[in-house]
**Q** 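Take a look at the following structure, please.
Keep in mind that what you see is a predicted model, and the values were worked out from it rather than measured.
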Amino acid sequence: MFSKSKINEPGPKAADKDNAKGADAAKAGTDYKNAAPKAKPVASLLSSDLLITGNLKTSGDINVEGQVDGDIRAHLLTVGEGATVKGEVIADDVVINGRIVGRVRGLKVRLTSTARVEGDIIHKTIAIESGAHFEGSVQRQDDPLATGTKTMPTTAEAAPKAKA
């Protein structure tokens, strides 16, 4: 029925308003709950004129258009048509349009018609389009992302050591 009007309420004075604005701005900077809603992260783009020497690791997505000399670990890795990766690739999803020289490990691996892979592919599921170039072996594993692979010991390691 009756509502309280804000016109007659006491409020901050002009000098206090400036301090209040500063305090609100400081509070807004530290109050992450009221920040803008989270947008889906954008894939990191490594442009065609970029050469990276070293390893890359992210929980996000990477789109390689240039050249990477090193290992890559990501959630989704897309290798562009003109791109080259020399090193091991480990990702949940791997889409290869360009060239990889090295081992590929992925839950889902897809070689498009322009792909060139020189190395082994360890996967859970794989798709190879007609026209793709592939030299290496293919092995299916339930968990291809596990890097702790067991190796067979060499004959020197397997032989018992003689006691002196």
**Q** Measure the shortest side-chain to side-chain distance between Gln139 and Asp120 over non-hydrogen atoms and say whether it is less than 4.5 angstrom.
**A** no
**Q** Which heavy-atom pair separates Asp92 from His75 by the least distance, and what is that distance?
**A** OD2-ND1, 2.8 Å
**Q** For residues Ile62 and Leu76, determine if any side-chain heavy atom of one lies less than 4.5 Å from a side-chain heavy atom of the other.
**A** no
**Q** I'd like to know whether Glu135 forms a salt bridge (Lys or Arg N to Asp or Glu O under 4.0 Å) with Arg116, so could you lay out the CA-CA distance, the side-chain angles of the two residues, the decisive distance to 0.1 Å, and finally the verdict.
**A** CA-CA 8 Å; Glu135 292 182 32; Arg116 294 185 334 207; over 6 Å; no
**Q** Can you tell me how far the CD atom of Gln67 sits from the OG1 atom of Thr84, to the nearest 0.5 Å?
**A** 5.5 Å
**Q** Can you tell if the side chain of Val95 reaches within under 4.5 Å of the side chain of Val79, non-hydrogen atoms only?
**A** no
**Q** How far apart are the C-alpha atoms of Ile122 and Val109, what are their side-chain angles, what is the distance that settles it, and do they pass the side chain to side chain contact (heavy atoms under 4.5 Å, CB included) test?
**A** CA-CA 9 Å; Ile122 302 168; Val109 178; over 6 Å; no
**Q** Would you say the side-chain atoms of Glu129 pair up with the backbone N or O of Ser113, donor to acceptor, closer than 3.5 Å?
**A** yes
**Q** Would Leu46 and Val68 count as a side chain to side chain contact (heavy atoms under 4.5 Å, CB included) here? Give the steps.
**A** CA-CA 9 Å; Leu46 305 179; Val68 176; 4.0 Å; yes
**Q** Where do Ile126 and His123 come nearest, in terms of heavy atoms and distance?
**A** CG2-CE1, 3.5 Å
**Q** Mind checking the CG-CZ spacing from Asp93 to Arg110? Nearest 0.5 Å is all I need.
**A** 11.0 Å
**Q** Is Ile100 close to Val89 at the side-chain level, that is, under 4.5 Å between some pair of heavy atoms?
**A** yes
**Q** Under a single-linkage definition using a 4.5 Å side-chain heavy-atom cutoff for Ile, Leu, Val, Met, Phe, Trp and Tyr, are Ile121 and Ile128 assigned to the same hydrophobic cluster?
**A** yes
**Q** Ile90 and Val138: same hydrophobic cluster, using ILVMFWY side-chain contacts below 4.5 Å?
**A** no
**Q** Kindly give the heavy-atom pair with the smallest separation between Leu107 and Pro144, and that separation in Å.
**A** CD2-CD, 3.7 Å
**Q** Determine, step by step, whether Asn97 and Thr78 satisfy the side chain to side chain contact (heavy atoms under 4.5 Å, CB included) criterion, reporting the C-alpha distance in whole Å, the side-chain angles of both residues, the deciding distance to 0.1 Å, and the verdict.
**A** CA-CA 8 Å; Asn97 300 305; Thr78 304; 4.0 Å; yes
**Q** Between Ala74 and Gly60, what is the shortest heavy-atom contact and its length?
**A** CB-O, 3.6 Å
**Q** Between atom CG of Leu56 and atom CZ of Arg73, what is the distance when rounded to the nearest 0.5 Å?
**A** 13.0 Å
**Q** Decide yes or no for Arg140 and Lys124: does some side-chain heavy atom of the first lie under 4.5 Å from some side-chain heavy atom of the second?
**A** yes
**Q** Considering the options Glu81, His133, Arg99, which one meets the side-chain contact (heavy atoms from CB on, under 4.5 Å) requirement together with Thr114?
**A** Glu81
**Q** Donor-acceptor check, side chain of Asp71 to backbone of Glu88, threshold 3.5 angstrom: yes or no?
**A** yes
**Q** Check for me, please, whether Leu145 and Val94 land in the same ILVMFWY cluster - side-chain distances under 4.5 Å, paths through other members count.
**A** no
**Q** Run Thr112 and Ile96 through side chain to side chain contact (heavy atoms under 4.5 Å, CB included) and show every step you take.
**A** CA-CA 6 Å; Thr112 65; Ile96 305 167; over 6 Å; no
**Q** Closer than 3.5 angstrom, by distance alone: can the side chain of Arg105 be matched with the main-chain N or O of Ala91 as a donor-acceptor pair?
**A** no
**Q** Please examine the side chains of Val64 and Ile72, heavy atoms only from C-beta on, and report whether any two atoms are closer than 4.5 Å.
**A** yes
